[in-house]
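Notes to accompany the following structure.
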Amino acid sequence: MNEASPIPLCEDSSTADTPQVEAPARPAMRGDLTKGPILKTLLFFSIPMLLSNVLQTLNGSVNAIWVGRLLGESALAATANANIVMFLVFAAVFGFGMATTVRVGQHFGARDIEAARRTFGTGVGFCILISIATGVVGWFGAGALLDALGTPAPSRGDALAYLQVIFVTIPLATVNMMVSMGMRGVGDSKTPLYAMILAVVLDIAFNPLLIIGVGPLPTLGVAGSAIATAIANTAGMVLQIWVIYRKDLPLRLRGPELGYLRPGGEDLRYVLAKGLPMGAQMLIVSSAGLIMVSLVNREGLDAAAAYGASLQLWNYLQMPAFAIGSAVSAMVAQSLGAGDHGRVSKVTLTGMGTNLVMSTAVAALIVGFDRPLLALFLGGQSPALPIAEHIQVVCTASFVIVSITMILTGTMRAYGAVVAPLVLLFLGLYPGRLGFYAVARPFIGSEAVWWAYPVGSSLTVILTLAYYRSGKWRRAFKG
């Protein structure tokens with residue numbers, strides 16, 4: 001990709017009313033993503049995030065193995081039901097975290113460290129308040145939530161014990177997530193990776209010890225798995241905070257700066273205005289996913305098993321786009337803070353190209369070795385295996401296609417444009433994916449479930465590209 005003369009995705013690579021003046025030289029800072037070769041900067045920043053995502057997913061798989069092997073299928077089903085609830089809770093917090101990250105990145109790019117600290121403190125303080133309120137309500141309402149989900153009776157007791165521990169410890173998990181996202185806003189993706197490595201090692205080690213009880217440790221059952229995760233996340237959080245203060249990094253708060261943890265003012269309004277649509281995007285994706293699960297379940301046990309195995313592989317397929325999309329968002333946010341609008345299109349194009357190469361390579365491996373990979377989950381003689389192989393052929397490419405939108409959305413998010421991407425995502429998933437299923441099901445039967453993926457993904461990409469090229473999203477940036 002030629003960085004010197006990129007092909008613009010919209011008519012103008014800078015805001016129409018922004019005079020192009022040469023910016024004064026700025027002092028070099030650790031975490032500066034506004035200088036240097038774009039591809040090298042993107043890779044060095046996104047690869048630690050990619051590794052963190054892989055480790056987190058592997059950690060969840062290993063923990064599921066511990067629970068399933070040590071406590072049985074009922075306990076495993078209990079954790080699955082509890083995790084659905086927790087995903088919905090963290091979706092909102094994640095949206096506020098992303099809004100905080102973008103704003104911190106803009107301030108950091110402008111070399112306004114005081115403003116970056118103020119925004120970071122506001123985001124952390126606000127999310128702590130939300131998590132405490134959620135923890136209290138969740139502790140008392142966990143049973144009703146599980147009943148609303150239709151949790152099977154044999155699993156309800158374990159699910160309740162697991163979920164209540166999660167709700168009690170959610171403030172610690174929230175701080176850990178917010179610190180990680182804030183660090184990425186100031187260009188540091190390695191410290192969160194080191195914290196994730198520590199957390200994964202501790203989580204995997206403590207899970208069996210607390211589940212069955214070893215030596216002086218009590219036998220806690222499935223609640224021990226939740227406590228192990230809380231201990232591991234807390235250790236990761238402490239490591240990050242220690243690094244921040246030991247190295248005197250930009251996000252450290254001291255003395256009067258600790259008052260920034262009291263949310264309020266313009267920073268809180270920004271976090272709310274931008275964070276709510278970002279969290280809603282995750283809720284739309286998860287709700288559409290739950291609907292697809294219900295549609296697949298109608299096709300029988302083998303189809304459901306095949307789909308479940310396919311989802312495991314697709315989790316890894318989406319990771320490059322998530323990491324690169326987040327990296328693009330951070331790089332663009334810092335460029336905006338620095339007043340360098342001309343760098344935006346270059347970062348976006350580089351991100352799209354890098355993502356397509358990585359996502360296509362992963363997709364090729366999944367399709368090329370689908371049988372042995374799927375057999376890890378289904379067994380080599382499972383009647384669901386041929387169905388799963390067919391699903392991979394039809395659906396896998398759709399995840400590569402839709403990954404383009406994650407990069408474009410990352411750029412628009414950095415500008416503060418969050419409502420339009422939310423609407424476009426809704427149109428792609430509901431009228432697009434689910435609408436196609438409703439129309440096609442009477443004609444092609446169960447094939448409608450699988451073909452709904454490429455149809456919905458294609459519509460989402462077309463709509464997002466059209467909106468991106470219009471350039472209207474640039475108006476959301478207020479400087």
Side-chain angles (χ1 to χ4, degrees), residues 57 60-61 64-65 67-69 72-85 87-88 146-156 158-159 284-318 363 366-399 401-402 428-458:
T57 302
S61 299
I65 292 172
V67 171
R69 293 291 180 89
E73 294 180 355
S74 177
L76 185 59
T79 61
N81 278 267
N83 285 334
I84 291 174
V85 176
F87 179 84
L88 297 177
L146 293 173
D147 291 338
L149 285 173
T151 304
S155 301
R156 189 182 183 282
D158 283 337
I284 287 176
V285 171
S286 61
S287 62
L290 290 174
I291 293 173
M292 290 302 295
V293 169
S294 68
L295 297 178
V296 171
N297 287 340
R298 297 178 186 178
E299 305 300 330
L301 179 60
D302 289 341
Y307 184 70
S310 297
L311 286 175
Q312 294 293 325
L313 300 183
W314 293 339
N315 284 337
Y316 292 95
L317 176 56
Q318 296 175 84
I366 289 176
V367 174
F369 298 93
D370 57 351
R371 190 172 186 85
L373 291 173
L374 292 165
L376 294 174
F377 305 98
L378 299 172
Q381 305 303 318
S382 171
L385 189 57
I387 301 175
E389 291 179 282
H390 176 65
I391 293 173
Q392 292 302 314
V393 173
V394 173
C395 299
T396 299
S398 67
F399 289 91
I401 295 171
V402 82
L429 289 177
Y430 281 85
R433 181 194 291 179
L434 300 177
F436 171 83
Y437 170 83
V439 172
R441 181 67 174 79
F443 299 98
I444 60 177
S446 62
E447 286 296 298
V449 180
W450 320 130
W451 284 101
Y453 272 95
V455 170
S457 297
S458 298

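Residues Tyr437 and Trp450 have side chains not in contact (no heavy-atom distance under 4.5 Å, counting atoms from C-beta outward). A 4.5 Å side-chain heavy-atom check between Val455 and Arg433 finds every atom pair outside the cut-off. Contact annotation: the side chain of Ile391 approaches that of Trp314 to within less than 4.5 Å [non-hydrogen atoms, C-beta and beyond]. Between Pro431 and Phe436 the shortest side-chain heavy-atom distance does not fall below 4.5 Å. Tyr307 is not listed as a side-chain neighbour of Glu299, based on a closest heavy-atom distance of 4.5 Å or more.
Atom-to-atom distance recorded for Arg298:CZ and Arg441:CZ is 8.5 Å, nearest 0.5 angstrom. Atoms CZ and CG, from Phe399 and Leu313 in turn, are 10.5 Å apart once rounded to the nearest 0.5 Å. Between atom CE of residue Met292 and atom CG of residue Leu429 there is a gap of 10.0 Å, rounded to the nearest 0.5 Å. Atoms CG and CD1, from Leu374 and Ile387 in turn, are 11.5 Å apart once rounded to the nearest 0.5 Å. Considering CG of Leu311 and CD of Gln318, their distance stands at 9.0 Å, rounded to 0.5 Å.
Distance alone, capped at 3.5 Å, is enough to place a donor-acceptor pair between the Asn297 side chain and the Val293 backbone. Here the side chain of Ser294 pairs a donor or acceptor atom with the backbone of Ile291 at under 3.5 angstrom.
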- [ ] List the steps, then state whether side chain to side chain contact (heavy atoms under 4.5 Å, CB included) holds for Val394 with Trp451.
- [x] CA-CA 7 Å; Val394 173; Trp451 284 101; 3.7 Å; yes

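Among pairs with a residue in residues 374-383, none fulfils salt bridge (Lys or Arg N to Asp or Glu O under 4.0 Å), at least two apart in sequence or across chains. Pairs engaging residues 389-399 under the salt bridge (Lys or Arg N to Asp or Glu O under 4.0 Å) rule: Arg371-Glu389 [sequence neighbours left out].
In this structure Thr57 satisfies the side chain to side chain donor-acceptor pair (under 3.5 Å) test with no other residue, sequence neighbours excluded.
Residues Leu434 and Leu295 come closest through the heavy atom pair CD2-CD1, 4.1 Å. A pairwise comparison of heavy atoms in Tyr430 and Ala288 identifies OH-N, 3.5 Å as the closest pair. Among all heavy-atom pairs drawn from Val296 and Ala303, the shortest one is CG1-O, 3.6 Å. Closest heavy-atom contact between Ala306 and Ala384: CB-O, 3.5 Å. Considering every non-hydrogen atom in both Ile401 and Ser457, the closest pair reads CG2-O, 4.2 Å. For the residue pair Ala363 and Leu317, the shortest heavy atom distance occurs at N-CD1, 3.7 Å.
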